[in-house]
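Below is one structure, written out as structure tokens, with a few remarks after it.
In this text, all values refer to a predicted model and were calculated from it rather than measured experimentally. Computation of the quantities below employed the complete heavy-atom set of this structure, encompassing side-chain atoms and omitting hydrogens, waters and symmetry-equivalent molecules.
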Amino acid sequence: LIGRPFQDLNLLAPEYLEEAAFDTMRVLGGERISSTEYQFITREGTMIWGEVSGAPLIREGQVVAVVSVARDITTRKNLEQQFFQVQKLESVGRLTGPIAHDFNNLLTAIIGNSEMAIIDMDRDTPLYEMLQDIKAAGDRAASLASQLLAFSRKQVLQPEVMNLNDIVRDMETMLRRMIREDIKFEVHLEPHLSRVEADASQMEQVIMNLAVNAQDAMPAGGKLTLETGNVDLDEAYANDHIEVRPGPYVIMALSDTGEGMTKEVQTHIFEPFFTTKEIGKGTGLGLSTVYGIVKQSGGNIWVYSEPGQGTTFKIYMPVVEKAVSERAKAQGDAAEIRGSETILVAEDDEVVRKFTVRVLKQYGYTVLEASNGDEAMESAKVHQGHIGLLLTDVVMPEMNGRELAEQLQSLYPDLKALFMSGYTANAIVHHGVLEKRIAFIQKPFRPDGLARKVREVLERNDE
């Protein structure tokens, strides 16, 4: 090595050679440098990050040598990159949540009113087809809003204890029909899989989105593998992966043999509206939805990919020691969801309030309406008869829905409460997970969906 310039030693990544040579000249001129970061090439040819400090060695006023120390900071740089990515996604999530919430208020009236109009309309009139188009567009918009809420982690989850194998088995037949014939689909399930707690319908959406994404990554065919397993993540793994806590997890992995992704693309794949597909072929919300669902469910998701080498998404869900929940009972028919009770509706959005009142009256209920908490309190006090249910928006000015329910129930202990919102608030839910015995309906809702939920809450025994 003696006598050879460091530029010839293949120690530094080429893009850092010029900067390192300049820094060396500075030290030879008598300066000190500290905490300068370069990328180095290891003996195996891989890249690592080094933090370099350098100082001149001076004898009799002359610089006779340069003393430098390089420290491997690759782990720190990886964690920094993960942290900045999480920060960026959190920031975007804080922006998308309120937008989707306001959007859902509008869609409640658009979808609901068009559906009610369609019921009473002659199918032969031109207006019937136009209303069907309005409703269909509203449904697509509602799906978009739901995906934004999923990413921002402001949707309401209704978790149940489950075995993820059951979800995969339920979906396997549908997935095999959906996936193209030139793609070989394999499923490998751990027979003694531990239990997790998650929203079943949301986990189905996670699997579906990842499978669709994998299929699109294999335009010339390939292999898609879905597998589950049990794993213990230790302190070393947690130290290398931000937001991960050591402990037992269930892993679900989807791997494809497709085109793979560059490191640059991987840093953006969970951002809303980011897509590598051509215009018109994707919204860029599939993976952001997956990310939001997994994170809100208490899990973590990681992607491993190389260009031309395929991609693997690994989802880690924390293990729970609880019994598997029973699936929800079948929904009742239209005759069973009518009623005659009095319902107090508190909703600050006038369009949503009018629609809600119209639906409830159509299903036989007597309705008192209020635009805020104070009006609702006054309506309840002056009403002479019994009020069976408070139907209130979660977020209202001055007095929120939870506060209103608590005040009214202190005066009328047998009053039941049903909360509604385009997204959740911590006054009603904790981190978007529904508390026990709290009745909630997500906007936008349909007339029959609202009537069914109202009937369910009115008939529920809270003893």
Side-chain angles (χ1 to χ4, degrees), residues 1-94 232-247 260-271 274 276 291 295 300-309 311-312 314 316:
L1 301 179
I2 296 174
R4 295 179 60 190
F6 73 85
Q7 292 94 328
D8 296 344
L9 299 179
N10 198 32
L11 293 174
L12 287 173
E15 60 266 33
Y16 288 93
L17 285 174
E18 186 175 338
E19 181 181 351
F22 177 74
D23 289 338
T24 301
M25 295 304 297
R26 287 170 54 200
V27 178
L28 287 171
E31 293 185 47
R32 286 175 174 266
I33 63 169
S34 62
S35 303
T36 301
E37 296 178 0
Y38 309 131
Q39 271 195 305
F40 289 83
I41 304 171
T42 68
R43 185 165 46 193
E44 294 77 21
T46 58
M47 294 290 188
I48 64 170
W49 279 97
E51 184 179 73
V52 179
S53 297
L57 183 61
I58 300 175
R59 288 179 183 167
E60 299 178 358
Q62 299 293 319
V63 176
V64 295
V66 170
V67 180
S68 63
V69 177
R71 185 162 62 98
D72 188 343
I73 59 167
T74 305
T75 299
R76 190 189 82 191
K77 292 291 287 186
N78 289 340
L79 288 173
E80 283 178 356
Q81 185 180 31
Q82 291 178 36
F83 175 73
F84 292 139
Q85 181 69 4
V86 169
Q87 261 194 335
K88 179 169 63 175
L89 293 174
E90 291 284 354
S91 299
V92 178
R94 283 194 292 270
D232 276 298
L233 300 182
D234 57 17
E235 290 280 357
Y237 184 91
N239 289 337
D240 287 340
H241 295 79
I242 196 167
E243 295 192 309
V244 173
R245 293 183 179 181
M261 293 178 280
T262 65
K263 296 297 182 185
E264 172 64 19
V265 169
Q266 290 177 52
T267 63
H268 297 288
I269 56 171
F270 295 125
E271 296 172 13
F274 176 81
T276 57
Y291 176 87
K295 299 300 289 185
N300 289 288
I301 180 169
W302 304 100
V303 60
Y304 303 87
S305 186
E306 295 289 343
Q309 301 299 313
T311 299
T312 295
K314 291 185 177 181
Y316 295 90

Kindly list each side-chain donor-acceptor pair under 3.5 angstrom involving residues 41-48, sequence neighbours excluded, with atom names and distances?
unit_1, atom_1, unit_2, atom_2, d
Thr42, OG1, Glu44, N, 3.3
Thr42, OG1, Glu44, OE1, 3.4
Thr42, OG1, Gly45, N, 3.4
Thr42, OG1, Thr46, N, 3.1
Thr42, OG1, Thr46, O, 3.3
Thr42, OG1, Thr46, OG1, 2.8

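Remark: Arg76 engages Glu37, Glu51, Arg71, Ile73, Glu80 in a side chain to side chain contact (heavy atoms under 4.5 Å, CB included) (not counting sequence neighbours). Residues meeting the side chain to side chain contact (heavy atoms under 4.5 Å, CB included) test with Val63, sequence neighbours left out: Leu28, Pro56, Ile58. Scored by the side-chain hydrogen bond (donor to acceptor under 3.5 Å, both in side chains) test, Ser305 finds Thr311 as partners (sequence neighbours excluded). Contacts of Thr312 classified as side-chain hydrogen bond (donor to acceptor under 3.5 Å, both in side chains), with partners at least two apart in sequence or in another chain: Ser255. Among residues two or more places apart in sequence or in another chain, the side chain to side chain contact (heavy atoms under 4.5 Å, CB included) test is passed with Ala20 by Phe6, Leu12, Tyr38. Judged as a side-chain hydrogen bond (donor to acceptor under 3.5 Å, both in side chains), and not counting sequence neighbours, Ser34 has no contacts. Residues satisfying the side chain to side chain contact (heavy atoms under 4.5 Å, CB included) criterion with Thr262, sequence neighbours excluded, are Glu264, Val265, Pro307.
Note on residues 11-25: pairs passing salt bridge (Lys or Arg N to Asp or Glu O under 4.0 Å), not counting sequence neighbours, are Asp23-Arg26.
Heavy-atom minimum distance, Phe40 versus Ala70: CZ-CB, 4.2 Å. For the residue pair Tyr291 and Ile301, the shortest heavy atom distance occurs at CD1-CG2, 4.0 Å. For the pair Ala55 and Val27, the tightest heavy-atom approach, listed with the atom from each and the gap, is C-CG1, 3.5 Å. Taking each heavy atom of Ser35 and Ser53 in turn, the nearest pair found is N-OG, 3.4 Å.
In this structure the side chain of Glu306 reaches within 4.5 angstrom of the side chain of Lys263, judged on heavy atoms.
Atom OG1 of Thr36 sits about 11.5 Å away from atom OH of Tyr16, to the nearest 0.5 Å.
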